[in-house]
There are 2 protein chains.
Amino acid sequence: MAGTDQLSAVFSALSDPTRRAIIAELAERDATVTELTAPLSISMPAVSRHLKVLERAALISRSRSGKWRASHLESAPLREAADWIDRYRRFWDSSLTRLDAHLAAVQAAGRATDRMVDDPRELE
Amino acid sequence: MAGTDQLSAVFSALSDPTRRAIIAELAERDATVTELTAPLSISMPAVSRHLKVLERAALISRSRSGKWRASHLESAPLREAADWIDRYRRFWDSSLTRLDAHLAAVQAAGRATDRMVDDPRELE
DNA sequence: CCTTCACTTAACCATATTGTTAAGCGTATT
DNA sequence: AATACGCTTAACAATATGGTTAAGTGAAGG
């Protein structure tokens with residue numbers, strides 16, 4: 001991954017189709033490494049390392065139960081990635097309906113995050 | 001980048017903070033390579049290659065005018081990335097109550113017979 | 001012209017990524 | 001107690017990434 005910041009780690013994690021497939025699976029239910037490996041055409045060590053990448057990006061959390069390790073999808077990093085892209089939603093969403101809805105949601109949630117939607121610039 | 005598909009290329013392009021800064025800049029106005037290089041702390045050849053990455057992901061288009069090459073932000077790939085992440089918006093969107101989220105999860109889990117049609121899982 | 005300017009390409013280096021197979025480690029099972 | 005299971009780590013190889021400086025290309029301009 002290029003940067004070591006959180007957002008870079010998230011986008012980098014999402015840039016692999018295997019990891020996106022894992023996220024799609026975990027969106028339905030928590031799963032063990034074996035369960036996640038089954039539909040994929042790669043070895044379990046490879047899946048294990050994909051999970052490590054997802055974990056480092058905080059996209060998943062993991063719990064141990066005996067010899068099984070369950071992976072669980074975490075929403076915060078996905079939200080941050082969506083928020084970053086949403087800065088540019090005006091470029092493609094002519095009606096701006098969804099942006100309005102999002103702004104309303106943010107407003108309802110609290111005013112601490114207002115600057116996030118106002119300033120499109122990234123300081124890095 | 002891991003995959004060679006469009007979405008992988010887009011997420012991979014977004015995984016670099018320099019490229020995100022370039023996108024933020026182009027969101028305000030089209031710019032030449034020299035203009036884009038000025039605020040960055042890397043050489044022009046490095047910027048040139050970042051632009052090539054963005055172009056390969058179709059995040060920007062470029063036009064030639066004499067000895068200047070202007071970069072222009074394209075919205076479609078950003079929209080596609082946003083659409084992918086939006087599949088999981090129910091996991092964090094505060095406008096959904098806990099019950100709504102639970103029902104959405106149950107619905108997703110119970111769609112086994114409809115997977116060929118609307119399964120959010122990605123095959124490649 | 002002949003140089004300067006804007007930019008790209010080439011060559012090089014260091015590091016990261018993604019896959020493999022084999023080995024290790026701890027928990028279950030028999 | 002011994003074996004099988006679930007998963008991770010190690011070691012290896014191939015390819016990609018991202019930075020540098022130096023050289024090349026083509027248009028502008030004195």
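By convention in this document, chain letters (A, B, ...) are assigned in the order of the sequence lines, proteins followed by strands, and residues within each chain are numbered from 1.
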For C:dC7, does either OP1 or OP2 sit under 4.0 Å from a side-chain N or O belonging to B:Lys52? no

For A:Ala31, what residues pass the side chain to side chain contact (heavy atoms under 4.5 Å, CB included) criterion, not counting sequence neighbours? A:Leu26, A:Glu35, A:Leu36

Please state whether the phosphate of D:dC7, meaning OP1 or OP2, lies under 4.0 angstrom from any side-chain nitrogen or oxygen of A:Ser48. no

Distance check needed: D:dC7 P versus A:Ile60 CD1, whole Å only. 12 Å

Applying side-chain hydrogen bond (donor to acceptor under 3.5 Å, both in side chains), name anything that partners B:Arg29, two or more places apart in sequence or on another chain. B:Glu25

Tell me: CD of B:Glu35 to C1' of C:dA6, nearest whole Å? 11 Å

Tell me whether the side-chain N/O atoms of A:Arg64 come closer than 4.0 Å to OP1 or OP2 in D:dT8. no

Aromatic ring proximity, centroids under 6.0 angstrom, B:Tyr88 and B:Trp92: no

By side chain to side chain contact (heavy atoms under 4.5 Å, CB included), which residues pair with B:Gln6, not counting sequence neighbours? B:Val10, B:Ala58, B:Pro77, B:Glu80

Do any pairs count as a side chain to side chain donor-acceptor pair (under 3.5 Å) and have a residue in residues 38-52 of chain B, sequence neighbours left out, and if so which ones? B:Arg19-B:His50

Just the rounded figure in Å: distance from P of D:dG18 to CD1 of B:Ile22. 11 Å

Base contacts versus sugar-phosphate-only contacts with protein, heavy atoms under 4.0 Å: please encode nucleotides 19-30 of chain D as B, S and - from 5' to 3'. BBBB----SS--

Residue pairs passing the side chain to side chain donor-acceptor pair (under 3.5 Å) test with at least one member in residues 66-79 of chain A, sequence neighbours excluded, are A:Asp30-A:His72, A:Ser61-A:Glu74

